[in-house]
Amino acid sequence: MSQTRTIVIECLRFHPETDEAPYYQSYEVPFTEEMSVLEGLQYIKDHLDGTLTFRWSCRMAICGSCGCMVNDEPVLSCQTFLRDYHPARIRVEPLAHFPILRDLAIDQTDFLAKLESVHPYLIPSTGDDPGDQPRHQTPDQVQDYLGYAQCINCLLCYAACPQYGLNDAFTGPAALALLHRYNADSRDAGKDQRMEVINAEEGVWGCTLVGECSEVCPKHVDPARAINQNKIASTQDYFLRFLKPRGRR
Amino acid sequence: MDAIESDLVIIGGGGAGLRAAIAAAESDPGLSIALVSKVVPMRSHTVAAEGGAAGVIHPDDTLDKHFEDTVSGGDWLCEQDVVEYFIGQCTRELTQLEHWGCPWSRQDDGNINVRYFGGMKSPRTWFAADKTGFHILHTLFQASLKYPSIRRFDEFFCTDLLVEDGRVQGVLAFNIATGESVLLRCKAVILATGGASRVFGQNTNAGIVTGEGMGMAYAQGVPLRDMEFVQWHPTALPGSGILITEGARGEGGILLNKDGYRYLQDYGMGPLDPWPRPRAMELGPRDRVSQAFWHEDQAGRTVNTPNGSAVHLDLRHLGEKKIMERLPMIRELALTFAATDPVDSPIPVRPAVHYTMGGVPCDANGATPLQGLFAAGECASVGIHGANRLGSNSLAELLVFGRAAGESAARLARESTTAPANLEAQANEAEARHLKMLDTTEGERVAAIRAEMHDIMESGVGIVRDAERMGQACERLSALRERYRRGVKLDDRGRCFNTEWLTAIELGHTLQVAEAMAHSALARKESRGAHLRQDGFDKRDDENFLCHSMAWHQGDGPPRIDHAPVTITRSSPRERIYGRDSQPEQPAREE
Amino acid sequence: MNQPRTYTRGMQRWWLRRPSYRFYLLREGTSVVIALYGLFLLAGMAALAVGPGAFETWRGLLFSPLSWLLHLVVLAAFTFHAWTWFKVLPLTVPPVKTRRFPRGFTDATLNRVALWAWGVVSLVILVAAMRGLQ
Amino acid sequence: MKPRSHEPIFWSLFGGGGMLAALVGPILVLIIGLLVPIGLGFGPEAMNYEQMRGLLGHPMMGFGLAILIALFFFHAAHRILHTLHDLGVHASERLKLICYGSAAGGSALAVLVALVLVLRG
C-alpha cells in the first residue's frame with residue numbers, strides 16, 4: 001500500500017432536528033495516494049463519526065449521487081482526490097443553491113420537477129409507426145444529440161449557476177440540456193410541445209451565459225450551448241409565429 | 001404511521017423496476033402504481049452497466065445460437081423453458097427501448113450495431129458506446145415520466161414485506177429524509193432491488209447493491225435459489241474494483257500476464273490462432289477467464305500493483321480513434337482511477353465480484369412461491385443464468401422480465417378481490433424493531449461488522465473454494481450474525497436522513513444473504529460454472545448436482561439447504577468447450 | 001407526509017465565491033462603459049447639429065489629455081468586451097440549415113473566423129478613416 | 001401554460017449592440033479617442049466641424065452612427081438590468097421601464113439628431 005498521510009477535512013454540518021443553522025466540523029483523515037474525497041468521507045463515517053451524512057453510490061462517476069462543493073468548487077467527490085489538496089485542509093459543503101436536508105445532502109425535489117417539465121422523452125410524429133423494427137439513425141444523426149444525452153443529473157451545473165441561486169424558478173442547465181437532447185434527436189417530433197418551456201421567462205431567458213455550468217460538468221454536456229442555441233430558436237419562434245399558419249399557436 | 005393505498009408496489013427503481021412500472025401502467029392505465037426506491041431512480045446500479053444487452057439482430061445470428069450460448073454458458077443449470085421465452089423477447093425489448101429514444105450505437109447505414117461479448121457464437125450485443133446501462137436507465141426513467149399512474153417514492157427505504165393470509169399485502173418503508181415510516185398497502189409487490197455483490201469486499205458494484213430485497217423475501221420464507229453462483233468479472237481495476245467492460249475485449253482487447261503472454265491459451269480457451277474468433281481466448285466466458293486469473297496468480301505470473309496482483313488488459317492496438325468511439329468511458333475511468341491511458345499503456349485489471357446469479361426464485365411471469373410477490377432483475381432467479389451468466393444477458397433480462405413481472409402483477413392486482421387485511425399490528429411491530437436500534441448504546445460499529453463479513457466471504461467463498469474454508473466461513477457468519485443481534489452501536493440517533501441507521505438495518509439483510517451463499521456453496525459438492533472447488537470436487541457432477549440449490553431461512557440459525565430439479569427441454573448437458581471448437585472459419589469481428 | 005425542514009443558504013456576496021463569477025461581472029460591467037461611450041458619441045453628434053461652437057467645445061474635450069487617458073480605459077473595456085463576446089459566440093450559433101456544421105468545424109474555427117472578421121473590419125475602418133479624415 | 005417571455009425583443013437588440021460593440025467598438029475608440037487627438041496617422045485638423053458635417057450629413061453615415069449608438073444603449077440597458085438583478089436589485093416593472101426607457105429615449109434622440117444632420121446636408 002502506498003504511504004499514508006493525514007489531511008484535515010472540514011465538513012458543513014446541519015441537522016434539521018437540532019440545528020438552527022449550519023456549522024463546520026473538522027476531521028483528521030489518514031489517506032493514501034489513490035483515495036478520493038468520497039473515500040475520505042466514508043472513512044469519517046465508518047471510523048470517526050457515524051452521524052456525518054452524505055449521498056453516494058457507484059463511486060465511478062456515473063450515478064450522479066455524490067456531488068458536493070469542495071473548496072467552493074462543485075465536484076463529484078468520487079473522482080476528486082485528496083492528494084490534490086494536501087497539505088492544505090479541504091472544506092466540503094453541500095451543493096450550493098439547494099436547500100440543505102442534512103449535512104452534505106441537499107433537497108433535489110425541485111430539480112426532479114424541472115426534469116419532468118421539459119417532456120424528456122421521444123415524441124414521435126403521429127403516423128410514424130416503426131412497428132417492431134428499430135428506426136434508422138446514422139452515426140452523424142446520433143452525434144447531433146449524443147453529447148446532450150450524457151447528463152448524469154449530478155446537479156453540479158445548478159450549483160455553479162448563480163442565476164439558479166438567485167432565482168430558483170429558472171429551469172436551469174441540466175433540464176434545458178435534456179430538453180435540447182430530445183429536440184436534436186432525428187426521431188423526435190415534439191419540438192412544439194417543448195417550445196413553451198423554452199420560451200418562458202424561466203426557460204432559456206433565465207440564463208445570462210455565465211457559462212460555469214459547462215465548465216463544471218463532469219460529462220462535458222455543455223448546457224450553456226444547449227441553452228444559448230435555444231435563445232436563437234426562441235427568438236425566431238417569437239418573431240416568426242405571426243407568419244405561421246393559424247392553429248399552430 | 002401513514003398508510004398509502006396502491007394497487008401495485010414496485011420496490012427498486014432500476015432497469016427492472018422501471019420497466020415493470022411502465023408495463024403495468026401500459027397494461028392498465030387505471031392501476032395505481034407505487035415505485036419505491038432507496039435512491040432516485042437514475043442513481044440505481046443499472047446506470048453502471050457498460051458493455052451492452054443481448055438481442056439477436058445480426059444476420060449471422062439466430063435464436064438457437066442465443067439459446068445454446070446461454071445454456072452452455074450457464075453450465076446447463078438454466079431453466080431451459082424460461083431461456084426459450086427470454087431469447088424470443090430480447091430483440092423486441094431492445095427495439096422498444098430504441099423507440100423510447102435509447103441512443104444505440106449505429107452502423108454507417110443507420111442500422112443497429114452489435115458487438116461480440118464473451119461466450120457468444122455471433123455478435124449479439126447492442127451497445128450505446130460503453131455506457132449502455134446509463135443510457136438504458138435514463139431512457140427508461142424519462143419514458144416512465146409519461147405515465148401519470150406511476151407515483152414515485154424516491155429515497156424511501158423498504159424494510160419489510162407484510163404478509164397476511166399467505167399473501168403479500170403491503171410493505172413497510174421509511175422516508176429517508178424524515179425517518180418517518182409509511183405503510184404501503186397493495187395487492188401485489190414486485191421486488192426489483194438488484195443483486196448482493198456488496199456482500200464481498202472486492203466488487204464492481206455500487207454501494208447500494210446490498211441484497212436487502214432478497215433478504216426481505218427470505219425472511220418471509222421464500223427460499224433463495226442458486227446463491228453459491230457468484231460472478232467474478234475478470235476485468236476490474238485493482239483496489240477500487242471499478243468495472244472495465246467486457247466490451248473492451250469484444251472490441252479486440254487482449255489479456256497479458258507479467259511476461260506479456262496471452263495466458264488464456266493455457267486454460268482451455270486457445271489455441272491463439274486464428275484470432276480473433278468467437279468463444280475463444282479473451283472472448284471466453286467470465287467464469288473461465290476469472291478462474292484462469294486465479295491460477296496465473298497462484299503461479300506468480302501476475303503483475304504487482306499497490307492494490308494487489310493484476311494482469312494487463314491491452315487495448316493499444318485498437319488505436320485512439322476506435323477507443324474514443326467505442327470505449328470512451330473506459331479511457332476516462334482508466335485515466336481517473338488508474339492513472340493509465342489505454343491508448344498508450346495496458347490497464348491493470350483483476351477479477352472482482354460482479355453479479356449474483358441466484359436470488360428469489362420465480363417463473364417467467366416473475367411470480368415467486370409467495371402469493372402476490374413478484375421478482376425481476378438481479379434479485380430474481382428466473383433461471384436464465386444458471387451457474388454462470390453470459391455478459392449482456394442481464395440488461396436484456398431487466399427488460400424482458402421487468403415487463404413480464406409488471407404485466408402479471410398488474411393482472412393479479414386487477415383481478416384481486418380480497419378485502420384488505422389489517423396490517424397495522426404487523427407494521428407497528430416491525431417499525432418498533434427498527435426504531436429500537438436507535439436506542440442501542442452498546443455493541444459494534446456497522447463498519448466493523450461489514451468489514452468482517454467482507455473478509456469472511458473473500459477468504460471463504462472466493463473464486464476457488466474448498467470445504468474447509470467454506471465451513472469456516474459458515475461458522476464465522478453464524479457468529480457474526482449473533483454479534484449483530486446483540487447490538488450495533490450507532491452514533492446517529494436522529495430520525496432525519498439517518499443513513500447510519502438504515503445501513504444497519506440493511507446489513508441485517510445482507511448478512512443473511514451472505515450466509516445463504518456460503519451454505520449453498522458448501523452443500524454443492526461439485527464444480528459448475530462460477531462455483532469451482534479444489535477439494536476433490538473439481539468436476540461437474542450431473543448425476544448428483546444437476547439441480548438448483550435452495551436456501552431456506554431458519555430464524556436466527558443457519559439456513560437449511562435442499563435441492564430442486566432443473567428444467568431441461570432440448571439441450572442435454574455436454575462438455576462445456578471454448579476455444580478449439582469455436583467456428584475457426586468465422587472472423588470474430590467485423591471492421 | 002411531512003416535509004422535512006431544510007436550510008437554504010443565501011446568495012450574499014456570491015461573486016466572491018469563484019474567480020469566474022468576478023470575471024463574469026467584469027464582463028457585464030463593460031456595458032456601462034459602452035453606454036457612456038454611446039452617450040459621448042451622441043453628445044458629439046448633438047454638438048455637431050447645434051453648430052460649430054458647440055462642436056468645437058466637444059472636440060476640445062476630446063483632445064484633452066484627460067480624455068486621452070479615459071479613452072485608454074474605454075479601449076480596454078471595448079477590447080475585453082470584444083474578446084469575451086467572440087469567445088462565447090460559438091455557444092449561441094446553432095447549426096443552421098444543414099443541421100450540422102461540416103466535419104472539423106469546431107468552436108475554434110468559429111473563433112478564428114470571428115477574429116479574422118474583426119481584424120478585417122477594423123482595418124477597413126482604419127484605412128477609410130485615415131483617407132477620409134485628414 | 002407558461003406565459004411567453006418578451007425577452008426576444010430585448011435580447012435581439014442586446015445581441016446586435018454587443019456584436020457591433022465587439023466588431024467596430026475598439027477601432028472606433030482607437031481612432032476617435034486616441035489616434036486623432038494625438039495626430040498619429042491623422043492631421044491636426046482631422047474631425048473638424050466641416051469634415052464631420054460632411055460626413056454625417058450623408059444618410060448612411062448619419063443614421064448608421066445613430067443606430068450604432070442606439071444599439072449600444074440597448075446592449076447596455078439589457079446587461080445593466082440583469083447585472084442589477086445579479087447584485088440583488090431585482091427587476092421590477094419600474095426598473096425595466098427605467099433601463100429600456102432610457103435606451104429608447106437615447107435612441108430616439110440619436111435618430112432625431114441624425115435626421116437634423118442629414119436634412120441639413
Side-chain angles (χ1 to χ4, degrees), chain C residues 11-12 14-15 21 24-25 27-42 44-46 48-49 51-53 55-56 59 62-65 67-68 70-72 74-75 77-79 81-86 89 92 114 117-118 121-126 129-130 132-134, chain D residues 14-15 17-19 21-38 41-43 45-56 62 65-66 68-73 75-80 82-83 86-88 102-103 106 109-110 112-117 120:
Chain C
M11 290 293 283
Q12 301 87 353
W14 58 271
W15 51 88
Y21 291 163
Y24 157 75
L25 282 183
R27 183 189 86 188
E28 302 298 291
T30 58
S31 64
V32 176
V33 176
I34 290 172
L36 293 174
Y37 191 67
L39 275 178
F40 179 71
L41 290 183
L42 179 57
M45 265 178 102
L48 195 64
F55 187 71
E56 275 314 310
R59 193 166 175 269
L62 180 69
F63 276 58
S64 73
S67 156
W68 201 83
L70 282 175
H71 272 89
L72 275 182
V74 173
L75 179 64
F78 266 92
T79 311
H81 164 77
W83 177 55
T84 55
W85 191 265
F86 293 136
L89 193 63
T92 59
W118 180 71
V121 167
S122 299
L123 201 69
V124 166
I125 292 177
L126 183 65
M130 285 172 77
L133 296 179
Q134 282 307 331
Chain D
F14 153 80
M19 193 48 136
L23 212 54
V24 303
I27 193 68
L28 285 185
V29 175
L30 183 73
I31 294 169
I32 299 169
L34 296 169
L35 297 184
V36 167
I38 60 164
F42 293 87
E45 284 306 305
M47 282 181 72
N48 65 27
Y49 179 72
E50 291 304 320
Q51 206 177 46
M52 293 312 286
R53 278 303 294 261
L55 187 70
L56 295 181
L65 184 62
L68 182 77
I69 291 170
L71 289 175
F72 277 13
F73 285 159
H75 171 80
H78 183 83
R79 273 200 161 162
I80 289 168
H82 282 92
T83 308
D86 294 346
L87 299 178
S102 334
L109 192 61
L112 198 70
V113 172
L115 191 66
V116 170
L117 288 171
R120 283 202 215 144

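Chain A is the first sequence line, chain B the second, and so forth, proteins listed ahead of strands; every chain is numbered from 1.
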Can you tell if the side chain of Val113(D) reaches within under 4.5 Å of the side chain of Leu48(C), non-hydrogen atoms only? no
Assess whether side-chain contact (heavy atoms from CB on, under 4.5 Å) is satisfied between Met130(C) and Leu35(D), documenting all intermediate values. CA-CA 10 Å; Met130(C) 285 172 77; Leu35(D) 297 184; over 6 Å; no
So for Leu34(D), is it side chain, backbone, both, or neither that comes closer than 4.5 Å to the heavy atoms of chain C? both
All heavy atoms of Ala46(D) vs all of Arg59(C), minimum pair found to be O-NH2, 2.5 Å
Does a side-chain heavy-atom distance below 4.5 Å link Ile27(D) with Val121(C)? no
Applying a strict 4.5 Å limit to non-hydrogen atoms, the region of Leu112(D) in contact with chain C is neither
Could you tell me how the ring of Trp85(C) sits relative to the ring of His75(D): parallel (under 30°), tilted (30 to 60°) or perpendicular (over 60°)? perpendicular
Using heavy-atom distances under 4.5 Å, tell me whether Ala114(D) contacts chain C through its side chain, its backbone, both, or neither. both
Side chain, backbone, both or neither: which part of Leu123(C) has a heavy atom under 4.5 Å from chain D? neither
With only heavy atoms counted, which part of Ile80(D) is less than 4.5 Å from chain C, the side chain, the backbone, both or neither? both
Whatever's closer than 4.5 Å to a heavy atom in chain D on Trp15(C) counts as side chain
Engaged part of Leu23(D) at the chain C interface, taking heavy atoms whose separation is under 4.5 Å: both
Measuring only between side-chain heavy atoms, which start at C-beta, is Phe63(C) closer than 4.5 Å to Val36(D)? yes
Side chain proximity check, Phe55(C) to Glu50(D), heavy atoms < 4.5 angstrom: no
Structural part of Ile32(D) lying under 4.5 Å from a heavy atom of chain C: both
Heavy-atom check, side chain of Met47(D) versus side chain of Leu62(C), under 4.5 Å: yes
What about Phe73(D) and Tyr37(C), are their ring centers closer than 6.0 Å? no
Quick one: side-chain hydrogen bond (donor to acceptor under 3.5 Å, both in side chains) partners of Tyr24(C), sequence neighbours excluded? Gln163(A), Thr208(A), Asp86(D)
Is a side-chain N or O of Trp118(C) found less than 3.5 angstrom from the main chain of Ala22(D), in a donor-acceptor match? yes
Mark yes or no for whether His71(C), through its side chain, and Leu30(D), through its backbone, hold a donor-acceptor pair below 3.5 Å. no
Is there side-chain contact between Leu55(D) and Leu133(C), with at least one heavy-atom pair below 4.5 Å? yes
Measure the shortest side-chain to side-chain distance between Pro26(D) and Leu75(C) over non-hydrogen atoms and say whether it is less than 4.5 angstrom. yes
When the 4.5 angstrom heavy-atom criterion is applied to Glu56(C) and chain D, the contacting part is side chain
Verify, without hydrogens or angle tests, whether Arg79(D) (side chain) and Gly29(C) (backbone) share a donor-acceptor contact under 3.5 angstrom. no
